[in-house]
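Below is one structure, written out as structure tokens; comments come after it.
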Amino acid sequence: MPQFKEVSTQSGLHPKPAGLVLQYGTAGFRTNAKQLDHIMFRMGLLATLRSKKTKATIGVMVTASHNPEEDNGVKLVDPMGEMVTPTWEGYATQLANAEQEDLLAALQDIIEKEAIHMSQEANVFVGKDTRSSSASLSQAVLDGVSALGGHSKDYGLVTTPQLHYMVCCQNTQCKYGEATVEGYYKKLCQAFIQLTKNASNCTDDQKHLTVDGANGIGALKVREMESQLKKELHISLFNDGSEGKLNHQCGADFVKVQQKPPTGIKMNPGERCCSFDGDADRIIYYYTDSEGKFHLLDGDKIATLISTYLKELLTQAGLDLEIAVVQTAYANGSSTNYLENTMKVIVRCTKTGVKHLHHAAQEFDIGVYFEANGHGTVLFSKAAEEKIQQLAENSNINDERKRAALLLQNTVNVINQTVGDAISDMLLIEAILAIKGMTIQQWDAIYSDLPNRQLKVKVSDRRVIDTTDAERRAVSPAGLQEAIDSLVKNYREARSFVRPSGTEDVVRVYAEAETQESADALARDVSLAVYRLAGGVGGEPKPLH
Ligand code: 16G
Ligand code: MG
């Protein structure tokens, strides 16, 4: 193969440390940045093969999301802006772990299995976050692409969802939008302005939002976009990266896990605040009340707000479209109960990880998917988009239907359907609150979360835990599920499950119950059962109080 000579030479500049083994996990490769140079080069190679195979542009994003600054990682983006398919995740792992002398054979193997025509052109879009390691690591990706004769476009600093968006735009011949950062702002901001232009009784106070940018790429991009919001949204941006450290005591993951405000922001009682994560594909909202108590509005509350709003608009528009909410086992029991029994929408539960939720949401006319941690978006089927479009252009309908149809049309445009997007989600949520004249307190009061607790347990091999029923039940090791079932019976309104993490070497434990004390006690009881039945290492889990 003519290109192999170049691969061979170039790969010598990005050598793999012998013996190092890494897995393409839930969200790509992710580890200390020092171990990633060869991975990046090889993902450049793999993206080029994927592009030749699909005859479409493929994305490669260099980021480790909410991980500490020292880490980095890489995710591959498929032609419609979705995550790469499981078979290719497998190839990614094979290619990443081939020893230096076996690299060409590993490449050859993929080329043969997928019957790839090497003469086919290849196009790869590359983006990176603000980590100090990202510049050289994204260069390694570009080197990989050029070694196999592919064309690349380096978008430089972009959020993960922006890169997904560019890939989708490119492969839809710009039907989804223009494949530039300016095109992205233009599409989202115009839709936002259209959505909010009739919410004229919105006061300046209501238009104000405090944003914690996690000292990451999201902050930079909010700054770039701000002026196009034409004062319809007043953003006070904190943790903008000018001083603080990426994700350090700030960002969506910190706020969600610690259930407290980030450092580095100024919060006044009752004011609406939100946090992005390090690559701006997650968002969560929060406020403190006049007594100083912290209130978190996570992905479940966001899904509820969005689906309520969409359902109302569909009714007003007289459109018969099926709407569903997709969650994971981490969704608060109160949210599932409210969605199913009060709002009467279809609710689906999938395994953790965006690709699973995304896939399930594609089965409905309108699929709203959110993980409790704040990653999510809304998907509209082609048919649903067409019906909305036709109604918005129909001049024979009454004013109420027309208004609803136009709002739906602009709602479709403000949403980044390729993947969860903190900036797009923020604009959608802000528009909904403005249109409904709703405060964050009113939004929070739609239902009350059940108290919950998440813990982690170290075991010698987390793969001994196998789960079923969208991770809600453990099928191995023997006796674990029975133990969980009997512990859950000791508490009211209780639920608990365990699953091996896809990103860390731990087993995760989730418990919820009527009171915080019960949720804490149950989480600890279940942790102990995991420790004893699944090969715990280190000391036994201790009581929380
Ligand atoms: C990754 C996933 C996220 C999931 C998390 C779970 C993507 C893009 N990200 O960050 O959706 O919630 O992993 O982590 O899929 P865990 O397996 O360690 O609990
Ligand atoms: Mg992220």
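Here the structure is a predicted model, which is why all the values come from computation and not from measurement. For ligands, and for the atoms within them, numbers begin at 1 and follow the listed sequence. Count residues from 1 along the sequence.
Side chain of Arg453 to backbone of Ala519: no donor-acceptor contact under 3.5 angstrom is found.
Relative ring orientation between His295 and Tyr287 is described as parallel, the plane-to-plane angle staying below 30° on a 0-90° scale split at 30° and 60°.
Sorted by chain and number, the heavy-atom contacts of ligand 1 below 4.0 Å come from Thr26, Ala27, Met83, Thr352, Gly353, Val354, Glu371, Asn373, Arg499, Ser501, Gly502, Thr503, Arg508.
Considering Leu455, Thr467, Val526 in turn, Val526 is the only one that fulfils the side-chain contact (heavy atoms from CB on, under 4.5 Å) rule with Val498.
Checked against the 6.0 Å centroid criterion, the rings of Trp443 and Tyr285 qualify as a close aromatic pair. Between Tyr24 and Tyr91, the distance from one ring center to the other does not fall under 6.0 angstrom.
For the Mg ion (ligand 2), the set of protein N/O/S atoms nearer than 2.8 Å consists of Ser65 OG, Asp277 OD2, Asp279 OD1, Asp281 OD1, ordered by chain and number.
In this structure Gln139 satisfies the side chain to side chain contact (heavy atoms under 4.5 Å, CB included) test together with Leu142, Asp143, sequence neighbours excluded. Annotation: salt bridge (charged side-chain N to carboxylate O under 4.0 Å, His left out) contacts of Glu114 (sequence neighbours excluded): Lys53.
Checked for salt-bridge contact, Asp253 and Lys256 miss the test: no charged N lies under 4.0 Å from a carboxylate O.
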request  = For side chain to side chain contact (heavy atoms under 4.5 Å, CB included), just list the numbers for Val419 and His375, CA-CA rounded to whole Å, side-chain angles, deciding distance to a tenth of an Å, and then say yes or no.
outcome  = CA-CA 8 Å; Val419 76; His375 187 121; 3.8 Å; yes
